[in-house]
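Just below is one structure, and these are the notes that go with it.
The residues of the chain are indexed from 1 along the displayed sequence. Values below: every heavy atom of this structure, side chains too, minus hydrogens, waters and symmetry copies. The structure displayed is predicted, hence computed values, not measured ones.
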Amino acid sequence: MTPLPRFHRLPAERQEAMLAVARAHFAEHGPASASYNKIIEAAGFSKTAAYQYFDGREDLLAAVLDDVLDRLLGVLGPWTPAPDEADFWARLEAGSHALVAHLRAHPDDLALADTAVGRAQDGIWLGWFGAVVEDGQRLGFIRTDVDPALLAGATAAVMRAADEWALGALRSARPTAQAVPGGEQVWSLLRGLWNGGADGGAGHAH
(Lines give C-alpha, C1' and ligand atoms only; values in the text may rest on other atoms or scores of the structure.)
Protein backbone atom coordinates (compact mmCIF):
# COMPACT_ATOMS: atom_id res chain seq x y z
CA MET A 1 0.00 0.00 0.00
CA THR A 2 1.27 3.44 -0.93
CA PRO A 3 -0.18 6.96 -0.99
CA LEU A 4 -2.16 7.89 -4.06
CA PRO A 5 -0.29 9.89 -6.74
CA ARG A 6 -1.92 13.17 -5.70
CA PHE A 7 -0.22 12.96 -2.29
CA HIS A 8 3.19 13.00 -3.95
CA ARG A 9 2.19 16.11 -5.89
CA LEU A 10 1.68 18.04 -2.66
CA PRO A 11 4.53 20.37 -1.63
CA ALA A 12 7.15 18.45 0.39
CA GLU A 13 6.44 20.47 3.52
CA ARG A 14 2.72 19.66 3.29
CA GLN A 15 3.47 15.97 2.90
CA GLU A 16 5.77 16.01 5.91
CA ALA A 17 3.27 17.97 8.00
CA MET A 18 0.54 15.43 7.33
CA LEU A 19 2.84 12.47 8.03
CA ALA A 20 4.05 14.14 11.23
CA VAL A 21 0.48 14.54 12.51
CA ALA A 22 -0.32 10.94 11.60
CA ARG A 23 2.93 9.70 13.13
CA ALA A 24 2.11 11.41 16.42
CA HIS A 25 -1.39 9.89 16.53
CA PHE A 26 -0.22 6.38 15.64
CA ALA A 27 2.57 6.68 18.20
CA GLU A 28 0.24 7.85 20.97
CA HIS A 29 -2.69 5.52 20.34
CA GLY A 30 -0.96 2.61 18.61
CA PRO A 31 -1.02 1.51 14.96
CA ALA A 32 -4.13 -0.61 15.56
CA SER A 33 -6.13 1.97 17.51
CA ALA A 34 -5.45 5.47 16.18
CA SER A 35 -8.51 7.10 14.60
CA TYR A 36 -8.26 7.93 10.92
CA ASN A 37 -10.93 10.62 11.25
CA LYS A 38 -9.08 12.32 14.12
CA ILE A 39 -5.81 12.19 12.21
CA ILE A 40 -7.14 13.85 9.08
CA GLU A 41 -9.02 16.41 11.18
CA ALA A 42 -5.83 17.28 13.08
CA ALA A 43 -3.94 17.51 9.78
CA GLY A 44 -6.48 20.03 8.47
CA PHE A 45 -8.03 17.87 5.74
CA SER A 46 -11.66 17.13 5.12
CA LYS A 47 -12.53 13.46 4.80
CA THR A 48 -13.24 14.00 1.10
CA ALA A 49 -9.86 15.64 0.56
CA ALA A 50 -8.02 12.95 2.55
CA TYR A 51 -9.36 10.23 0.27
CA GLN A 52 -7.71 12.00 -2.65
CA TYR A 53 -4.35 11.22 -1.03
CA PHE A 54 -4.90 7.89 0.76
CA ASP A 55 -7.29 5.00 0.19
CA GLY A 56 -7.92 4.83 3.91
CA ARG A 57 -6.42 4.31 7.33
CA GLU A 58 -4.18 1.36 6.44
CA ASP A 59 -2.79 3.23 3.45
CA LEU A 60 -1.90 6.19 5.68
CA LEU A 61 -0.36 3.89 8.29
CA ALA A 62 1.80 2.22 5.64
CA ALA A 63 3.02 5.63 4.48
CA VAL A 64 3.87 6.64 8.06
CA LEU A 65 5.76 3.41 8.74
CA ASP A 66 7.67 3.71 5.47
CA ASP A 67 8.59 7.25 6.46
CA VAL A 68 9.76 6.12 9.90
CA LEU A 69 11.93 3.45 8.27
CA ASP A 70 13.37 6.03 5.87
CA ARG A 71 14.21 8.24 8.84
CA LEU A 72 15.98 5.37 10.64
CA LEU A 73 17.93 4.42 7.52
CA GLY A 74 18.79 8.08 7.05
CA VAL A 75 20.43 8.08 10.48
CA LEU A 76 22.45 4.99 9.60
CA GLY A 77 23.36 6.29 6.16
CA PRO A 78 24.47 4.04 3.30
CA TRP A 79 27.10 1.46 4.20
CA THR A 80 30.34 2.11 2.36
CA PRO A 81 33.38 -0.19 2.27
CA ALA A 82 35.57 -0.01 5.37
CA PRO A 83 39.36 0.17 4.99
CA ASP A 84 39.93 -2.49 7.67
CA GLU A 85 38.18 -4.59 10.32
CA ALA A 86 38.73 -2.05 13.11
CA ASP A 87 37.04 0.69 11.10
CA PHE A 88 34.22 -1.70 10.18
CA TRP A 89 33.37 -2.40 13.83
CA ALA A 90 33.82 1.25 14.83
CA ARG A 91 31.37 2.40 12.16
CA LEU A 92 28.86 -0.33 12.96
CA GLU A 93 28.93 0.65 16.63
CA ALA A 94 28.73 4.37 15.81
CA GLY A 95 25.69 3.73 13.63
CA SER A 96 23.98 1.80 16.40
CA HIS A 97 24.59 4.55 18.92
CA ALA A 98 23.43 7.22 16.45
CA LEU A 99 20.23 5.26 15.91
CA VAL A 100 19.53 4.99 19.63
CA ALA A 101 20.29 8.71 20.08
CA HIS A 102 17.78 9.51 17.31
CA LEU A 103 15.12 7.36 18.95
CA ARG A 104 15.70 9.03 22.32
CA ALA A 105 15.20 12.43 20.65
CA HIS A 106 12.18 11.37 18.55
CA PRO A 107 9.69 9.51 20.74
CA ASP A 108 7.19 9.07 17.89
CA ASP A 109 9.80 7.19 15.88
CA LEU A 110 10.66 5.19 19.00
CA ALA A 111 7.03 4.19 19.48
CA LEU A 112 6.69 3.02 15.87
CA ALA A 113 10.17 1.64 15.21
CA ASP A 114 9.30 -1.98 16.06
CA THR A 115 6.35 -1.98 13.68
CA ALA A 116 8.24 -0.14 10.92
CA VAL A 117 11.22 -2.48 11.03
CA GLY A 118 9.03 -5.56 11.47
CA ARG A 119 7.14 -4.94 8.24
CA ALA A 120 10.35 -4.28 6.29
CA GLN A 121 11.13 -7.90 5.56
CA ASP A 122 13.11 -7.22 2.42
CA GLY A 123 14.14 -4.45 0.09
CA ILE A 124 16.17 -1.55 1.40
CA TRP A 125 16.33 -2.73 5.02
CA LEU A 126 17.82 -6.13 4.21
CA GLY A 127 19.87 -4.45 1.52
CA TRP A 128 21.65 -2.41 4.19
CA PHE A 129 22.60 -5.53 6.12
CA GLY A 130 23.58 -7.25 2.89
CA ALA A 131 26.08 -4.46 2.24
CA VAL A 132 27.49 -4.87 5.76
CA VAL A 133 27.91 -8.64 5.33
CA GLU A 134 29.46 -8.28 1.88
CA ASP A 135 31.98 -5.78 3.25
CA GLY A 136 32.94 -8.05 6.14
CA GLN A 137 33.43 -10.93 3.72
CA ARG A 138 35.64 -8.73 1.56
CA LEU A 139 37.74 -7.94 4.63
CA GLY A 140 37.99 -11.64 5.42
CA PHE A 141 36.38 -11.96 8.83
CA ILE A 142 32.81 -12.91 7.90
CA ARG A 143 32.18 -16.50 6.83
CA THR A 144 31.57 -17.25 3.17
CA ASP A 145 30.18 -20.78 3.50
CA VAL A 146 26.57 -19.50 3.88
CA ASP A 147 24.47 -17.94 1.14
CA PRO A 148 24.88 -14.13 1.42
CA ALA A 149 21.12 -13.51 1.41
CA LEU A 150 20.63 -15.98 4.27
CA LEU A 151 23.49 -14.46 6.26
CA ALA A 152 22.14 -10.93 5.69
CA GLY A 153 18.71 -12.06 6.89
CA ALA A 154 20.19 -13.71 9.97
CA THR A 155 22.23 -10.57 10.70
CA ALA A 156 19.13 -8.39 10.38
CA ALA A 157 17.29 -10.75 12.76
CA VAL A 158 20.04 -10.44 15.38
CA MET A 159 20.02 -6.67 15.07
CA ARG A 160 16.23 -6.59 15.22
CA ALA A 161 16.34 -8.53 18.47
CA ALA A 162 18.98 -6.10 19.73
CA ASP A 163 16.82 -3.15 18.68
CA GLU A 164 13.82 -4.54 20.56
CA TRP A 165 16.01 -5.03 23.61
CA ALA A 166 17.34 -1.47 23.47
CA LEU A 167 13.96 0.06 22.63
CA GLY A 168 12.42 -1.68 25.62
CA ALA A 169 15.04 -0.12 27.85
CA LEU A 170 14.47 3.29 26.30
CA ARG A 171 10.70 3.09 26.79
CA SER A 172 11.11 2.12 30.42
CA ALA A 173 13.67 4.92 30.95
CA ARG A 174 16.32 2.37 31.90
CA PRO A 175 18.83 2.74 29.06
CA THR A 176 22.18 1.16 29.88
CA ALA A 177 25.33 0.62 27.88
CA GLN A 178 24.53 -3.07 27.60
CA ALA A 179 21.02 -2.31 26.34
CA VAL A 180 22.24 -0.30 23.37
CA PRO A 181 22.41 -2.29 20.11
CA GLY A 182 26.17 -1.99 20.02
CA GLY A 183 26.82 -3.35 23.50
CA GLU A 184 29.31 -6.17 23.87
CA GLN A 185 26.62 -8.83 24.11
CA VAL A 186 25.27 -7.88 20.68
CA TRP A 187 28.71 -7.82 19.11
CA SER A 188 29.42 -11.22 20.65
CA LEU A 189 26.28 -12.61 19.01
CA LEU A 190 27.30 -11.18 15.65
CA ARG A 191 30.85 -12.51 15.92
CA GLY A 192 29.47 -15.97 16.66
CA LEU A 193 27.14 -15.78 13.67
CA TRP A 194 29.75 -14.35 11.33
CA ASN A 195 32.66 -16.52 12.47
CA GLY A 196 30.79 -19.77 12.01
CA GLY A 197 30.83 -20.72 15.68
CA ALA A 198 32.82 -23.81 16.54
CA ASP A 199 33.30 -24.85 12.91
CA GLY A 200 35.63 -21.93 12.20
CA GLY A 201 33.72 -20.87 9.11
CA ALA A 202 35.08 -17.34 8.89
CA GLY A 203 36.54 -16.64 5.51
CA HIS A 204 36.33 -20.23 4.34
CA ALA A 205 34.32 -20.86 1.20
CA HIS A 206 33.00 -24.41 0.66
Side chain to side chain, [X] and [Y], heavy atoms closer than 4.5 Å:
| X | Y | result |
| --- | --- | --- |
| M18 | F54 | yes |
| P81 | E134 | no |
| W194 | V132 | yes |
| L61 | L65 | yes |
| L69 | L73 | yes |
| I142 | N195 | no |
| F7 | L19 | yes |
| L60 | F26 | yes |

Which atom names give the shortest non-hydrogen contact between [X] and [Y], and what distance separates them?
| X | Y | value |
| --- | --- | --- |
| P31 | T115 | CG-OG1, 4.0 Å |
| A162 | V186 | CB-CG2, 3.7 Å |
| S96 | W187 | OG-CH2, 3.7 Å |
| G95 | L76 | O-CD2, 3.6 Å |
| I40 | A50 | CG2-CB, 3.6 Å |
| A34 | I39 | CB-CD1, 4.2 Å |

Q. Taking only residues at least two apart or on different chains, which pairs with a member in residues 38-47 satisfy side chain to side chain donor-acceptor pair (under 3.5 Å)?
A.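 Checked against side chain to side chain donor-acceptor pair (under 3.5 Å) - neighbours excluded - the pairs reaching residues 38-47 are N37-K47.
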Q) What residues form a side chain to side chain donor-acceptor pair (under 3.5 Å) with E85, not counting sequence neighbours? A)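 So E85 forms a side chain to side chain donor-acceptor pair (under 3.5 Å) with W89.
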**Q.** Partner residues of W79 under the side chain to side chain donor-acceptor pair (under 3.5 Å) criterion, sequence neighbours left out
**A.**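 Once residues adjacent in sequence are excluded, the partners of W79 under the side chain to side chain donor-acceptor pair (under 3.5 Å) criterion are D135.
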Q. When you look at D87 and D84, which way does the side-chain contact (heavy atoms from CB on, under 4.5 Å) test go after all the steps?
A. CA-CA 5 Å; D87 183 73; D84 52 44; 3.3 Å; yes
Q) Take atom CD in Q15; do more than 12 heavy atoms of anything else shown fall under 6.0 Å from it? A)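 Yes, CD of Q15 has more than 12 neighbouring heavy atoms, counting only those of other groups under 6.0 Å.
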Q: Could you pull out all residues at least two apart from A42 that satisfy side-chain contact (heavy atoms from CB on, under 4.5 Å)?
A: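 Testing A42 for side-chain contact (heavy atoms from CB on, under 4.5 Å), a comparison that skips the adjacent residues, returns V21, H25.
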Gap separating the [atom1] atom of [X] from the [atom2] atom of [Y], nearest 0.5 angstrom:
| X | Y | atom1 | atom2 | value |
| --- | --- | --- | --- | --- |
| R9 | Q52 | CZ | CD | 10.0 Å |
| W125 | D70 | CH2 | CG | 11.0 Å |
| L190 | Q185 | CG | CD | 12.5 Å |

Q.
Applying ring-ring contact (aromatic ring centres under 6.0 Å, His included), can you list everything that pairs with Y53, at least two apart in sequence or on another chain?
A.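 Y53: ring-ring contact (aromatic ring centres under 6.0 Å, His included) contacts with F45.
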Q. Out of curiosity, does L4 fall in the hydrophobic cluster containing V64 (side-chain heavy atoms, cut-off under 4.5 Å, transitive links)?
A.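 No: no chain of side-chain contacts under 4.5 Å links V64 to L4.
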Q: Provide the full list of salt bridge (Lys or Arg N to Asp or Glu O under 4.0 Å) pairs with a residue in residues 15-27, sequence neighbours left out, each pair given once.
A: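 Sorted pair list: E16-R23, R23-D67, R23-D109.
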Q) Could you walk me through whether H102 and L110 pass the side-chain contact (heavy atoms from CB on, under 4.5 Å) check? A) CA-CA 8 Å; H102 171 86; L110 172 60; over 6 Å; no
Q: Would you please test F88 and F141 for ring-ring contact (aromatic ring centres under 6.0 Å, His included) and show each step?
A: CA-CA 11 Å; F88 176 99; F141 66 90; 4.9 Å; yes
Q.
Donor-acceptor check, side chain of R143 to backbone of Q137, threshold 3.5 angstrom: yes or no?
A.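 No; zero donor-acceptor contacts below 3.5 Å.
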**Q.** Heavy-atom donor-acceptor pair, R71 side chain to D66 backbone, under 3.5 Å
**A.**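 Such a contact is absent between R71 side chain and D66 backbone.
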